[in-house]
Amino acid sequence: MQEKYSFSEIEPKWQKRWLEEKAWRAEEHSEKPKFYALAMFPYPSGNLHIGHVRNYSIVDVIARFKRMQGYNVLHPIGWDAFGLPAENAAIKNQTPPAEWTWKNIANMKRQLQSMGISYDWEREVATCHPGYYKWTQWIFLEFYKHGLVYKKKAAVNWCPSCATVLANEQVVDGACERCETPVTKKDLEQWFFKITDYADVLLDDLNKLEGWPEKVKAMQRNWIGRSEGVETEFGIEGREERIKVYTTRIDTIFGVTYLVLAPEHPLVQELVANSKFEQPVMAFMDKMKGLNEIARTSTEVEKEGLFIGKYCINPLSGKRIPIWIANYVLVDYGTGAVMGVPAHDERDFAFATKYNLPIPMVILPPGMDAAAKDKPLAAAFTEEGTMVNSGEFDGLDNDTAWDQIADALEKRGLGERKVNFRLRDWLISRQRYWGAAIPMVYCEHCGTVPVPEKDLPVLLPEDVVFKAGENPLTTSESFVHTTCPTCGAPAHRETDTMDTFMCSSWYYLRYTDPRNEEEPFSHEAVDPWMNVDQYVGGVEHAILHLLYSRFFTKALRDFGFLKVDEPFQNLLTQGMVCMDGSKMSKSKGNVVSPEEIINRFGADTARIFILFAAPPERDLEWSEQGVEGCYRFLNRIWRLAAQYEATLKGKKTPPLDPGSLDTEGKAMRRQTHLTIQRVTNDVGQRFNFNTAISAIMELVNALYLYKEKPEANPAVAKEALEHILVLLAPFAPHITEEIWAGLGHAQSIHAQEWPSLDEAALTQDEITIVLQVNGKVRERIQVPAEISAAELEKQIRTLPKIHEWTQGKEIIKVVTVPGKLVNLVVR
RNA sequence: GCCGAAGUGGCGGAACUGGCAGACGCACGGGACUUAAAAUCCCGCGGGAGUUAAAUCCCGUACCGGUUCGAUUCCGGUCUUCGGCACCA
């Protein structure tokens, strides 16, 4: 072994060898239990950033640990390679998106390999490769076949800067998730995936996901937004039509004093036609049209409405009720019509107050005198109470009345119980080039025709013009013009491509069968591996990617392609990497380049630091000095090993004889085995890599002290050193491999079995007992480990210190925790 | 407003099932080695009282209260920070 730790020589050497030996290949047929470890695959932006380093280091430790524990591990990587930046680069530099993307992939692959992550590179996939997107298109058609894809004209989210539509999930605070440009509404005919068909099961099955963070599940529940209510009908005075209203508070129906339609509600125009209300209503609607969703529906925005001159009839009370339109009612939730109950809804209360509408109480707050039931309320009462002013339902508690009213409406055919979701169908069309083309053809005779499977993939053409604000695919003559697959007549292709989240919704399945040319994946390949045992990634995908992937898995299971109905058994959402207290970002100028860190300190140091500085799910504060500290730690191990090797050169370490050790030898061995116990638990059960590393640091510190002792036993030292290396191997794979070889081992350290602990080494002859008086520590004593409680108590009473604290007092109780402490309760 | 997470030294963090608060690392201080510095190795390092030095004692895990022999840990309440959702009828 060299005297100096030279990571720049060691790391590339082993990386090359591991790659050549295909050291991390997942076995296709194996007797071993399987373990599927997965990090969210990266978008090939061109450079690895520090968040990637964290993500992949975490998964690599898990993968390496599981391999050493005897699992057949699948640990793949690939590229989420479609997307807008490639196209923007194309506009800017006049290079084709494919070229830009593949160049970026090559660079990031080089960077990834310099980190020494144990990927099975033979399974690498890129979503922009025709061999991959062929199957994305195939899956689209499968969903189409099963009636889960439809085309619909709707007011959709439009990002003017990206020149494309967006899914609801991609609109954050009214702005484009990618570029933060405010999103506007546009009426367009677009392709949708019917994720709402799966709303219920996507919600229910969250309860099965015990290995997911509560936070992510809560976010998904929130997003899906299930509510139980009643849909009822209000007749319109003087007309045949009825207005459907959805409410979760059917118990308050006797308190309705107005009804509000969304301005876009189809009945509005008809109702005001040829009346004096037509003009103002049209003006109001025009005003609403110009506003995006946030400007219209944020809680900050004042409620604004307009009476439209018509009345409807309350189905239960028969009362005549004015019809309004208002900004806060959305056309695409529920029925687009809301009953206004000002007394028992805060929003309605504000609206009614503003427009001087009556606010009659129908639920009496508990404790309030019934005589006050017609007095005005100071604020909306939204809690439980007793029914008043509600005809036959008076006197019931409102909970019971809820069901009785629902029953009554159902019996009379005036309404029915209904479940509503906040979740909307997934808009997957994008007016962009760099994505998987939607495999559809429009024929004058046959209408909309799916591209037959044999004609897949629909390749992206190269004769396109990239210009800002325009879908490049429409400029490709060769692409647009085609023939109808059914009748052979001239036809044109769909020029929209798919949302890239389509591509990333099934990539974890493709890894199990990455080169299959007959199908996206075979049962034989996918069934043994799925589902993913441990998935790790950023929480920013809590809804988008994770919800879509769950949807895909469930649908593909229903189509018969999968046996599992959830893709990710366990999920870990890692925290952000911060510097100076805020997230690293180019705009803040607080970015650290992983490549630079690896060049200066080596991959092992970078990995150790990022795993040591904080537990994985928490945000991590970058510290240059912290990195140096980790570099020192690795150097410390190197010197320890180098020194050990030098002193023992030519000599053979005698075999370890645990029975003949002195006290210090026993203590050293005990610490070695305690460390095995701690690291195994921290890595395997808790993912607390920071404490695992600190345990190894402690063992290193202890060995430094032990080896200097004149009576130090070489076999004990060797055992400690070798365990330091093996335990550290998943964290710092290069240095441990190099030292391991230097110590004369022929086989790779990564092929070693994970150490099991020697229980006998943990036993102690003497233990420390903490003595408390009234819960305060007053003394510690050394006693034989197997001392009896009675004997211990006897000894304690003779101690001067204890005597002092109990003197003149009565010992009323003695609490003994075996092997740990004794607490004397005195008075 | 609703939901979720967190609050511990100068800093990052530890304390696993209620049992020695502050492991480990950083920063800082002292010593050894060196002509010297760096590197390295060893020791110290929450606050206060006390003392030549120590022993020792008191306080201390956001705040207030409770349960308990004993609470960073459990319960109730308050405050602060971060994240998500937010006129969803």
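Being a predicted model, the structure only gives us computed values, none of them experimental. Just so it is clear: chains get the letters A, B, ... in the order the sequence lines come, proteins before strands, and each one is counted from 1.
At the phosphate of A86(B), OP1 or OP2 sits under 4.0 Å from a side-chain N or O atom of R422(A). Using a 4.0 Å cut-off, no side-chain N or O of K820(A) falls inside it from OP1 or OP2 of G19(B). The phosphate of A27(B) (OP1 or OP2) has a side-chain N or O of R632(A) nearer than 4.0 angstrom. Applying the 4.0 Å criterion to OP1 and OP2 of C42(B), one finds that N701(A) has every side-chain N and O outside that range. Under 4.0 angstrom from either OP1 or OP2 of A39(B) there lies no side-chain N or O belonging to R639(A). Side-chain nitrogen and oxygen atoms of R618(A) include none within less than 4.0 Å of the OP1 or OP2 phosphate oxygen of A5(B). Proximity of T691(A) to the phosphate of C16(B): no side-chain N or O atom is located under 4.0 Å from OP1 or OP2. Note on K776(A): a side-chain N or O is less than 4.0 Å away from OP1 or OP2 of C59(B). The side chain of Y328(A) places no N or O atom within less than 4.0 Å of a non-bridging phosphate oxygen (OP1 or OP2) of A89(B).
Using modelled atom types, one finds no donor on one side chain facing an acceptor on the other under 3.5 Å when comparing K303(A) with N327(A). Side chains of R178(A) and Q170(A): no donor on one and acceptor on the other come within 3.5 Å.
Residue-to-nucleotide proximity on RNA chain B shows that, of Y333(A) and R678(A), the 5′-proximal contact is made by R678(A). In terms of position along RNA chain B, the nucleotide closest to V216(A) lies nearer the 5' end than the nucleotide closest to the other residue of the pair V216(A) and R636(A).
Using Watson-Crick or G-U wobble geometry with both donor-acceptor distances under 3.5 Å, U78(B) finds its partner in A62(B). Summarising the base pairing, G19(B) is matched to C69(B) through a Watson-Crick or G-U wobble pair whose two defining distances lie under 3.5 Å.
By the side-chain hydrogen bond (donor to acceptor under 3.5 Å, both in side chains) test, E416(A) is found to be paired with no residue, residues two or more places apart in sequence or in another chain being considered.
For Q625(A), taking side-chain heavy atoms from C-beta onward, the closest of the listed nucleotides G19(B), C57(B), C26(B) is C26(B).
Aromatic ring centroids of W426(A) and F501(A) lie 6.0 Å or more apart.
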